[in-house]
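Comments concern the structure below.
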Amino acid sequence: MAIERTLSIIKPDATRRNLTGKINAKFEEAGLRIVAQKRIHLTKDQAGKFYEVHKERPFYDELCSFMASEPVVAQVLEGERAIAKNREVMGATNPANAADGTIRKEFALSVGENSVHGSDAPETAAQEISFFFAGLEIVG
Ligand code: ADP
Ligand code: MG
């Protein structure tokens, strides 16, 4: 099984509630390694660029304002099947549908303020990692 890398973001609702460590414990327990990490406060324009794929969706403006409202922690997770595994540990987008033990089930406040982002495919993972990190900042 190939080792993959994926982009994870701990969203403002979670950094505000001091949940960074608890969330990262779940990734590490699942065998994912944090190989790059930075805490940043995105501008609304930067959040808009990151979520450009959703620009036609009705929640786009709300999503961009939320992502720029408080600091986030952007990180690269590495491991076997890291892209799918990260999404399994995160749980469903809407916490009402998330499985027991997942991050979103335990911590998310709503479908919008759902604590974590994770890339959904190899192409988006590569693109999203390079949005936040230079190659030299990723130390496996
Ligand atoms: P995921 O983050 O699980 O990949 P999507 O890519 O569909 O989910 O959506 C991106 C983000 O947009 C979600 O994580 C959430 O923060 C927000 N979002 C999605 N659907 C809604 C909605 N119906 N209302 C408000 N915000 C939403
Ligand atoms: Mg998505």
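Start at 1 with the first residue, then count along the sequence. Not measured: the values here are computed from a predicted model. First listed ligand is number 1; within each ligand, the first listed atom is number 1. Because only heavy atoms are used, hydrogens play no part in the values below, and waters and symmetry mates are left out as well, while side chains stay in.
- Formation of a donor-acceptor pair under 3.5 Å by the Asn24 side chain with backbone atoms of Gly21 is not found in this model.
- For the ligand labelled ligand 1, residue Met67 lies outside the 4.0 Å heavy-atom shell.
- Both tests pass for Lys38 against the ring of Phe133: distance under 6.0 Å to the centre and angle within 45° of the axis.
- Taking a 4.0 Å cut-off on heavy atoms, His54 registers as neighbouring ligand 1.
- A donor-acceptor pair under 3.5 Å links the side-chain atoms of Glu137 to the main chain of Ala134, judged by distance alone.
- Among protein heavy atoms, atom 7 (O) of ligand 1 sits closest to Arg57 NH2, 3.9 Å.
- Residue contacts with ligand 1: Phe59 is placed with no nitrogen or oxygen under 3.5 Å of a nitrogen or oxygen of the ligand (distance criterion only).
- Using 4.0 Å as the threshold, Asp120 has no heavy atom nearer than that to any atom of ligand 1.
- Judged purely by atom type and a 3.5 angstrom limit, Arg5 has no side-chain atom pairing as donor or acceptor with the backbone of Val76.
- For atom 8 (O) of ligand 1, the nearest non-hydrogen atom of the protein is Thr93 OG1, 3.3 Å.
- Distances from ligand 1 to the non-hydrogen atoms of Met90 include no value under 4.0 Å.
- The backbone N or O of Gly101 lies less than 3.5 Å from a partner atom in the side chain of Lys26, making a donor-acceptor pair.
- For atom 16 (O) of ligand 1, the nearest non-hydrogen atom of the protein is Gly112 O, 2.8 Å.
- Judged by distance alone, with hydrogens and angles left aside, the side-chain atoms of Thr124 form a donor-acceptor pair with the main-chain N or O of Ala121 at under 3.5 Å.
- For ligand 1 and Lys11, the ligand atoms under 4.0 Å from any heavy atom of the residue are 13 (C), 14 (O), 15 (C), 16 (O).
- On a distance-only criterion, Arg87 and ligand 1 share at least one N/O pair closer than 3.5 Å.
- In this structure, Phe59 and His54 have tilted ring planes: the angle between them lies in the 30° to 60° band.
- Note: no N/O pair closer than 3.5 Å links Glu62 and ligand 1 by distance alone.
- For the pair Phe132/Gln75, no side-chain contact is recorded, criterion being any heavy-atom separation below 4.5 Å from C-beta on.
- Close N/O approach between Asn114 and ligand 1 is found [any backbone or side-chain N/O within under 3.5 Å].
- Side-chain atoms of Arg39 never come within 3.5 Å of backbone atoms of Val73 as a donor-acceptor pair (strictly under, hydrogens ignored).
- Among the atoms of Arg104, some N or O lies under 3.5 angstrom from an N or O of ligand 1.
- Nearest to atom 24 (N) of ligand 1 among the protein's heavy atoms is Val111 CG1, 3.6 Å.
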